[in-house]
Amino acid sequence: MLGAAGDKVIVGYDLGNEFSQISYAYLSQDCEVETLSCVAGEEHYNIPTILCKRQGTGQWFFGREALRFAQEEPQEAIVVENLVELAIAGEQVLIDGETYEPVALLTLFMKRSLGLLSLVSAPERIVAMMITSRRLDSVLVEVLNQTVTGLGLGYTRVYYQSYEESFYDYMLYQPGELWACQTVLLDYREDGIYSMRMECNKRTTPIVAFVYPCVYPFDGESCLPDISGLSGDRVAQLDRQLLEVASQECGKGTVSAVYLIGESFAEEWMSQSLQYLCRGRRVFQGVNLYSKGAVYCLLDKHFGSKAGKEHVFLGGDKLKYNIGMEVLRQGQESYYALLDAGENWYESEYSCEFYVRKTAPISLVITPLIDGNVTRVSLTLGELPQEHEFSGEDEWGYCEFSRIGMKLYMEGEKQLCVELEDLGFGEIRPSTELTWRQRVICGDGRAEESRSGSAPVMVCVGDYAREPYVLPKLGVRVYCMEELCYCLKENAFLLDGSVMNDELLDFIRRVCQLPGLTQVLYPMVHQQGSLSGFVSQILSYVGLYDQETVSRVEETLRAGSGLSDFEKQKLQTDHLVEQKRYEEALRSYEGLLARIRENQEMEVPALQALTADILHNQGVVYARQMLYGRAAQLFLQAWKTGGGEAEYFSGFLTARRMELSERDYVALVAEYPDRYRESLELEQAMEAMGQDFLETPEYRRLRQLKARREDGEMAEYCEEADRLLQTLKNEYRKRTGGRRAAAERG
């Protein structure tokens, strides 16, 4: 029956090596599933999966027409059978002097057979098609992908599933009493009887359905639809063979219903088997269950059935594990689902982006749906670059965050492949373009208990922008909320009310797609809210930092509300020193001193005090880098500029004490007789520090290292010494940025 002009159609295509079938339904909840017949008015559902070419011409026939032409014109007919097996094998086929790709031949057959749907619907109204086949592995899936591309189905969505799943989907739409217990399907083919036994584990939620396939090969000649030529003994033997198969399958538990699939089943020859099967069971006979089951699957995908929501099918081609991660979502620990059990493993794929700190491991949580323990598998990113690996005089230096792109897909029923890529951190830290690939065997990991507070992965909050937002005064371009939070936190000393503006609100609402946060921030912008409250609201919402860090930023903003730009920049640079980012701090101090010298409006006492403080802090940085000569010069300059501050002179003496020999240092102290007290206190402090050092782990480690050398353990000594030196080198590079020391530049 032809549907209405606007009716959408879904199609179930049973693709077999011997014959195929096509079922369909109009897309509505109360629709009837029908099967196309090759002969009008009759139930001839099987379409022989063959092609036939007329020799010397470009004329092709398919299905029953191909068989008829081969019978009527055997001298002109070139028959091509086993199209599915040929496509799987992949070898070119020689036909009438030309070679053909086997996938192209299969595509031609499917295109011609799908043309039969024109009897019930226009091709453009086909919105989805499910292809079902007995053998469904990665090789056939690749063949089907190529075939579907060649069909040119436009916007039709195409799915694949096995006969087992089509059987399951068919049963979902049958009365519940038919599959209250086990259900058995017997499929009679030329090479044997294929059985499927479906049972449900009602102790799980959702209820897990299994289909157990089995093959019973024939002993000798098979039973064909026409048994008129067979002897009575042969017919009785076939009946006994079927009875044996039925007894084995139905003897494995209580069976509610039995489905006999295939044209070979006939009451005339299987009387004993049928009598056995009908004892307390419902028995059905037909040929089109698989194609109908494929249609029912599409109906369940579109509308959802009560039974479909309560059950999940786990066949051989299904993913049997839930795969996810423990993450921080806006600062709160949660589970992030990646791949769901019950999906076809060859269709299971997921891509996402998230943030990690430095080289923290990423842990996948693999949960089996049936039996087994929850396992965790760590994915190693390797060493992300340190700050000295960046080129040029970048403004930011090292950033502890990385945005990671991740793609997961299955290469087999248990083989998971994970691809990771370092995407950098916007313009704050460029992408290294490093990638990592790791393969994981699901269910083969070590079981672990859940570890509270251990999730290093942070889920992205909001969308990632194509066009950046530029922070006022800072001139920094950010593309997402995480980059915005990083800049607000790192530049808290420099922020002022210009940050609170409608452009930022528009970026958060329209570009990042966070209207809820915008509603909270809007009154703060338009009703003169506090800068500290505005920034802390953004930081708390995104959750990039813990609450302690947010509170420190808030305190910094409150403390800096009455400071000048010079004082704010100085505080920010002091923060760099605390983080041991010495090279960045030195550049920032130099720039700040240059700005102060150019300023003519600032009062002289304030200018001198701030300059002295900056010079002193520069001296501290050089002293920490063991460049004591340069440090001493700066401490002395700070002492003279700051009006004789005692702390500055103490720094000068300390640096000279570390730099000079004992004799030269005594001569230096003699030049400042009025500072004898400071020199005495310095000697006492250094003696105390020397005693304290003897109790440190570092000293004990050096003493053990020396003992190994004295005991002749040279291999262990060299190994430990190399490890210690490498640690010191890394620490030095981290502090200096791998650039030349400031003293060398000067």
Open item on the list: Determine whether Asn288 and Thr35 satisfy the following criterion, side chain to side chain donor-acceptor pair (under 3.5 Å), listing intermediate values before the conclusion.
Closed with: CA-CA 7 Å; Asn288 56 347; Thr35 305; 2.8 Å; yes
Open item on the list: Go through it in stages, so that I can follow the logic: the residues are Leu117 and Ile22, the test is side-chain contact (heavy atoms from CB on, under 4.5 Å), and I'd like the CA-CA distance, side-chain angles, deciding distance and then a yes or no.
Closed with: CA-CA 8 Å; Leu117 285 168; Ile22 301 174; 4.0 Å; yes
- [ ] Test Lys8 against Arg125 for side-chain contact (heavy atoms from CB on, under 4.5 Å), laying out the working first.
- [x] CA-CA 5 Å; Lys8 297 178 180 179; Arg125 283 188 253 154; 5.5 Å; no
- [ ] Begin with the C-alpha distance, continue with both residues' side-chain angles, and end with the deciding distance and a verdict on side-chain contact (heavy atoms from CB on, under 4.5 Å) for Cys250 and Leu277.
- [x] CA-CA 8 Å; Cys250 295; Leu277 290 171; 4.0 Å; yes
Task: Candidate pair Met130 and Val11, rule side-chain contact (heavy atoms from CB on, under 4.5 Å), full reasoning - done: CA-CA 6 Å; Met130 175 68 75; Val11 176; over 6 Å; no
- [ ] Tell me, with the steps shown, if Ser195 and Glu249 meet side chain to side chain donor-acceptor pair (under 3.5 Å).
- [x] CA-CA 8 Å; Ser195 72; Glu249 289 299 316; 3.3 Å; yes
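What you find for Asn201 and Thr204 is that their closest heavy atoms are O-OG1, 3.0 Å. The minimum heavy-atom distance between Lys320 and Ala341, with the atom names listed, is C-CB, 4.0 Å. The shortest heavy-atom contact between Ser348 and Leu339 is C-CD2, 4.0 Å. Closest approach of Ala77 to Ala70, counting heavy atoms only: CB-CA, 3.7 Å. Among all heavy-atom pairs drawn from Val312 and Pro206, the shortest one is CG1-CG, 3.8 Å. Residues Tyr336 and Cys352 come closest through the heavy atom pair OH-CB, 3.8 Å.
Counted by atom type alone, Ser20 and Thr49 present one or more donor-acceptor pairs between their side chains at under 3.5 Å. Checking Tyr296 against Ser166 by side-chain atom types alone, no donor-acceptor pair falls below 3.5 Å. With hydrogens and angles left out, the side-chain atoms of Asp317 and Tyr160 include no donor and acceptor closer than 3.5 Å.
Side-chain atoms of Leu144 and Val141, non-hydrogen and from C-beta on, never get closer than 4.5 Å to each other. The shortest distance between side-chain heavy atoms of Cys52 and Phe69 falls below 4.5 Å. Side-chain contact between Ser256 and Arg282: absent, with no pair of heavy atoms (C-beta onward) separated by less than 4.5 Å. Inter-residue side-chain proximity for Pro368 and Tyr321 is flagged as met; some heavy-atom pair is nearer than 4.5 Å. With contacts defined as side-chain heavy-atom distances shorter than 4.5 Å, the pair Ile404/Val457 does not qualify. Under the 4.5 Å side-chain criterion, counting only non-hydrogen atoms from C-beta, Tyr13 is not in contact with Ser291. Side chains of Asp300 and Tyr173 form a contact here, defined as non-hydrogen atoms less than 4.5 Å apart. Side-chain contact between Ile47 and Phe62 is present, with at least one heavy-atom pair separated by less than 4.5 Å.
A 6.0 Å sphere centred on CD of Glu91 holds no more than 12 heavy atoms belonging to other residues, nucleotides or ligands. The local environment of CD in Glu177 is crowded, with over 12 non-hydrogen atoms from other residues, nucleotides or ligands closer than 6.0 Å.
The side-chain tip of Lys301 points at the ring of Tyr159 from less than 6.0 angstrom away and within 45° of straight on.
Using bins of under 30°, 30° to 60° and over 60° for the plane-to-plane angle, the ring pair Tyr170/Tyr259 lands in the perpendicular bin. Classification of the Tyr24-Tyr26 ring pair by plane angle, with boundaries at 30° and 60°, yields perpendicular.
No option in Gln415, Glu347, Glu419, Glu349 other than Glu419 meets the side chain to side chain donor-acceptor pair (under 3.5 Å) test with Tyr409. Of the candidates Gln161, Arg134, Gln21, Tyr290 forms a side chain to side chain contact (heavy atoms under 4.5 Å, CB included) with just one, namely Arg134.
Interatomic distance, CG of Asp96 versus CD of Glu76, reported as 11.0 Å (0.5 Å rounding). In this structure, Met270 CE and Leu243 CG are separated by 12.0 Å, a value rounded to the nearest 0.5 Å. Rounding to the nearest 0.5 Å places OG of Ser121 at 11.5 Å from CD1 of Ile10. For the atom pair CG of Leu260 and CG of Leu185, the computed distance is 8.0 Å after rounding to the nearest 0.5 Å. To the nearest 0.5 Å, the span separating SG on Cys38 from CZ on Phe19 amounts to 11.0 Å. Atom OG1 of Thr132 sits about 9.0 Å away from atom CG of Leu15, to the nearest 0.5 Å.
With respect to the salt-bridge test (charged N to carboxylate O, under 4.0 angstrom), the residues Glu73 and Arg54 do not qualify.
Without hydrogens or angle criteria, Trp345 side chain to Leu319 main chain gives no donor-acceptor distance under 3.5 Å. In this structure, the side chain of His302 does not engage the main chain of Leu298 through any donor-acceptor pair within 3.5 Å. Between the Asp137 side chain and the Leu140 main chain, a donor and an acceptor come within less than 3.5 Å of each other. Although no hydrogens or angles enter the test, the distance criterion places a donor-acceptor pair under 3.5 Å between the side chain of Gln285 and the main chain of Phe265. Remark: the backbone N or O of Leu420 is not paired with any side-chain donor or acceptor of Thr435 at under 3.5 angstrom. A side-chain donor-acceptor contact under 3.5 Å links Ser305 to the backbone of Gly308. The closest donor-acceptor contact from the side chain of Asn344 to the backbone of Lys318 lies at 3.5 Å or more, if one exists at all. Formation of a donor-acceptor pair under 3.5 Å by the Lys306 side chain with backbone atoms of Glu310 is not found in this model. The main-chain N or O of Asp239 is found under 3.5 Å from a side-chain atom of Ser273 such that the two form a donor-acceptor pair.
Among residues two or more places apart in sequence or in another chain, the ring-ring contact (aromatic ring centres under 6.0 Å, His included) test is passed with Phe354 by none.
Close placement of the Tyr188 and Trp269 rings is indicated, their centers lying within 6.0 Å of each other.
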